[in-house]
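Reviewing the structure listed below.
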Amino acid sequence: MDKSMFGDVESLAEEDKIRMSTMIDQLQIRDSLRMYNALVERCFTDCVDTFRRKSLDKQEESCVRRCAEKFLKHSMRVGMRFAELNQGAPTPD
């Protein structure tokens, strides 16, 4: 993570560093859960048409698998692109 986002973290008291680290971890968990929920909602809405059975039929299962793969590939690509842009950004040192 870019130090410039948080100012001079090293000057914080140890207790504040721990609190900040905990907060960042919680935000990352929240964002991961949001991404997972968005994936489930989108793929379910796009792929499941009926509730004839307890399990998905072959077509629905194939659609969900393709949808999830596309979603995850897109998310990884966006993350990599963001990291590239973040590395190239000038830092105010």
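Please read these numbers as outputs of a predicted model, since none were measured by experiment.
A 4.5 Å side-chain heavy-atom check between Arg34 and Asn37 finds every atom pair outside the cut-off. In this structure, the side chains of Met35 and Leu72 come closer than 4.5 Å at one or more pairs of heavy atoms. Lys58 places none of its side-chain heavy atoms less than 4.5 Å from the side chain of Ser62.
Taking both residues in full, the closest heavy atoms of Asp57 and Arg52 are given as OD2-NH2, 3.0 Å, listed atom of the first, atom of the second, then distance. Scanning both residues, Glu60 and Leu56, for their nearest heavy atoms gives OE1-CA, 3.6 Å.
The SG atoms of Cys47 and Cys63 lie less than 2.5 Å from each other.
A salt bridge between Arg65 and Glu61 is present, with a side-chain N of the basic residue lying under 4.0 Å from a carboxylate O of the acidic one. Contact check on Glu84 versus Arg81 returns a salt bridge, with a Lys/Arg side-chain nitrogen under 4.0 Å from an Asp/Glu carboxylate oxygen.
One finds the CE atom of Met23 at 12.5 Å from the CD atom of Gln28 (value rounded to the nearest 0.5 Å). Here the straight-line distance linking atom CE of Met80 with atom OG of Ser75 works out to 12.0 Å at 0.5 Å rounding.
Heavy atoms from other residues, nucleotides or ligands lying under 6.0 Å from CZ of Arg77 number 12 at most.
A donor-acceptor pair is defined here as one N or O able to donate and one able to accept, closer than 3.5 Å; such a pair exists between the side chain of Thr22 and the backbone of Ile18. Distance alone, capped at 3.5 Å, places no donor-acceptor pair between the Ser21 side chain and the Lys17 backbone.
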Worked verdict on Glu15 versus Arg19 for salt bridge (charged side-chain N to carboxylate O under 4.0 Å, His left out): CA-CA 6 Å; Glu15 182 180 312; Arg19 192 175 309 140; 2.7 Å; yes

